[in-house]
Structures are given as C-alpha cells and as structure tokens.
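In this text the structure is predicted, and so the values were computed from the model without any measurement.
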Number of protein chains: 2
Amino acid sequence: MKYQEAKEKFISTWGSLGTLWGINKAMAQIQALLFISTKPLSMEDIMEELQISRGNTSMNLRQLIDWGIVTKVLVSGERKEFFTTEKDVQELARTIAKERSRREIKPVIKVLEEVSSIEDDGTKKTQELIKQTKALKELTDDLDTLMNKLVNQKQNWLTKSVLKLMK
Amino acid sequence: MKYQEAKEKFISTWGSLGTLWGINKAMAQIQALLFISTKPLSMEDIMEELQISRGNTSMNLRQLIDWGIVTKVLVSGERKEFFTTEKDVQELARTIAKERSRREIKPVIKVLEEVSSIEDDGTKKTQELIKQTKALKELTDDLDTLMNKLVNQKQNWLTKSVLKLMK
DNA sequence: TTAAACTTTCAATAATTATTGAAAGTTTAT
DNA sequence: ATAAACTTTCAATAATTATTGAAAGTTTAA
C-alpha cells in the first residue's frame, strides 16, 4: 500500500467511524485530512482534496471549531484562512470526551434523575421505573466521571498503570 | 411528574440517545420499554405501546437479540413469543461494550494498523501519516482494552476504587 | 392435513439528514 | 468609496436511513 491509498483509506475509515458516533461524514473526513496534513490547509485545499462543496466545507469547519478540535491559523502573506486540527491524540481525546460528556451524557443524566425521582405511588410498575432508571443513572454517572478523569490525566499515568494492573 | 409521563420521557430520551450512538430509535425504544417493564412483553404489546408497525418491531427485536441484549421467553399457556431485556445495568453495559468493541472499534484498529505500517518512503507526508495513525492506533487500543477490562470486572471493585482514587 | 395464530421478509414509501451552489455578507487593499 | 477576494448562509435537492404493510413463511392445535 502506497501513500495515496493509505491516506484515502484512513480518511474514509475515519469518516464512516464518525457517522457511527454521531458526527457527520464530512466533518470527520475534514478532521482526518487535517490530522495527517503536514501544514495548515485552506478551504480550497479541503474542497479539492475531499471533493466537497464550499458550503459543506464551511459549515463543517465551523462545527469542528465549535467542538474545539480545529483552529484557524493565519498564514502570513495569505489573505484566506487556513485550518489545523489538534495534532496530539491525547489532547484530541480529552477534547472529544469533554464535549461528548457535555452535549450528550450530561443531559441524559439529568433526565434519568428527573424520571427516577418521581413520587413512589406504591405500584409495582412505578417502583420498577424508579429502580431501573436510578440504576442507569448511577452507572452513567460513574462511567462519565471515569471517562473524564481518565482522559484528563495529562500525564496519562493512570491509564498506563490501570492497564498494567489488568493486562 | 406521574408514571405515564415519566415513562414516556424515559423511553423517548433513551430513543434519541440511541440515534446518537449508532443504534436506531425504534431499537433503543424497545429496549427501554422492556427495561422498565415488570413482565415480558409480546410483539403486540410493544407495537401498541410504541405505536410502531409489526415489521419494524420484528426487525428491531431481532437486532436486539443479535446484540445479546434481549431474549425470547416462553410464557406457559401462551402461543406467541414474549421478550425481556437484561435487567442488570452492569451486565447490560458489559454486553454493549463488548459488542461495540467487536463491531466498531476492532475494525478501526485493524485499518489503523494497516495504514500505519505502510513503507516509509522518506517523504515528510508519509512520515506524518505513519506517525499520526500509529498514535491514534495506540490510543484506540488502550481505550478499548481499558473499557473492556473495566466493564468486565464482575464485582466492579476496580471502577469503584479508581473512582474513589480520583474523586 | 389443514387452518388459525403467529412471525419474518422485503419492496415501496416516508422521514431524516447531508450536500450543493448561488446569492448575500464580510473583509481588505487600493 | 469601491471592487476584488474571500466566507457564510440557506432554500433546493440529493442521499441515506427508517418504517410500513401486505405477502410469504412458520409453527401449533385439533
């Protein structure tokens, strides 16, 4: 496998993984492209490389910027904008974990809390609802905390030592 | 908030969470419904409760069974089939983690491995591709292993102690 | 065996989500 | 001020994904 093929494989795999994780294809592909690029890319570069429209590129770049994954960079002597993505995988994971927690997990925990704290009217079905949503709430809470803590360990000693402990 | 409202809120929240995680809405809602039900439900029950068609119910139940989350149960004296879901959240998490790892994460690791082991032709861009996909591969591998180990601890002592350690 | 009770399949259709492209908007250089 | 260079917006359209419902398939009881 040569460079071009490998690059395309990486970008398309990352793209379809994105879809699976609630991030759209173009967004994931743009991030992938920037991730392996040796220098910041302009909108033109991205459009050309991924064969997508200007509008699409613009909208998805904005989303990536909202996620905190991509940043605009100024290239001196150039008028147009250039973009790069976070290049350190640890930092990338940290950002994604934080955003997913904020956007997806926290709101669910909130609903589970509300549902699990309805008044117990003594019926079996109400008790089951309370019991099960409470259990789900606790699990979700634990996993969310764990994920954030793990991924926030800058030095990553914890992941390493926990892994070693278990391997 | 009374029972009916709480139930609907739970089912619809779980349903849209599903969409976000690559599981379709009906599938997630069926699971949610079974999760808070005090007894196994028939296809009729599910169709009625969620207002979805027979075909949809049948297909999504099958998927849930494929995932290992839902099982058929025989109710004596009844001809039709009844269904329940795993009621223990820990076990549920274990099953989901294992399946997601197998279906989604492992294949990505494989691609990353392939891409990161292309021949280094000495160019900057090839070296960047190799370096970045290798880093991504290692991170994905670590997180996958960690997730599986964590979730596989039947007694859950590890999650608890790690959490305590960090709180 | 047969017919009623039940489940699955799948082509058609609906609903949702992504993408385009051109017009409107913004910035910068002169 | 104005026009060129560039970006954003958004209604229209395309692509994808989910859902329906009726026909085909299967199982069970008599």
Would you mind classifying the nucleic acid contact of A/N24 as base, sugar-phosphate or nothing, using non-hydrogen atoms under 4.0 angstrom?
sugar-phosphate

Result for 5'-nearest mapping on DNA chain D, choosing between A/G55 and B/N56, is A/G55

query: Looking across every strand, which nucleic acid part, if any, lies under 4.0 Å from B/R54 by heavy atom: base, sugar-phosphate, or nothing?
result: base

Span of DNA chain C engaged by chain A, first through last nucleotide within the 4.0 Å heavy-atom cut-off, is C/dA18 to C/dT28

By the Watson-Crick or G-U definition, both distances under 3.5 Å, C/dG25 is matched with D/dC6

Apart from B/V75 itself, its cluster of hydrophobic side chains linked below 4.5 Å comprises B/V73, B/F82

In A/K9, A/K25, A/Q31, the residue satisfying side-chain contact (heavy atoms from CB on, under 4.5 Å) with A/W14 is A/Q31

**Study point:** Presence of salt bridge, B/E86 and B/R94, under 4.0 angstrom
**Key:** no

With sequence neighbours left out, the residues meeting salt bridge (charged side-chain N to carboxylate O under 4.0 Å, His left out) with B/D144 are B/K106

Next item on the list: Flag yes if more than 12 heavy atoms outside A/K87 fall under 6.0 Å of its NZ atom; otherwise flag no.
Entry: yes

The Watson-Crick or G-U wobble partner of D/dA29, with both key distances under 3.5 Å, is C/dT2

field: Side-chain ion pair, A/K80 and A/E44, N-O less than 4.0 Å
entry: no

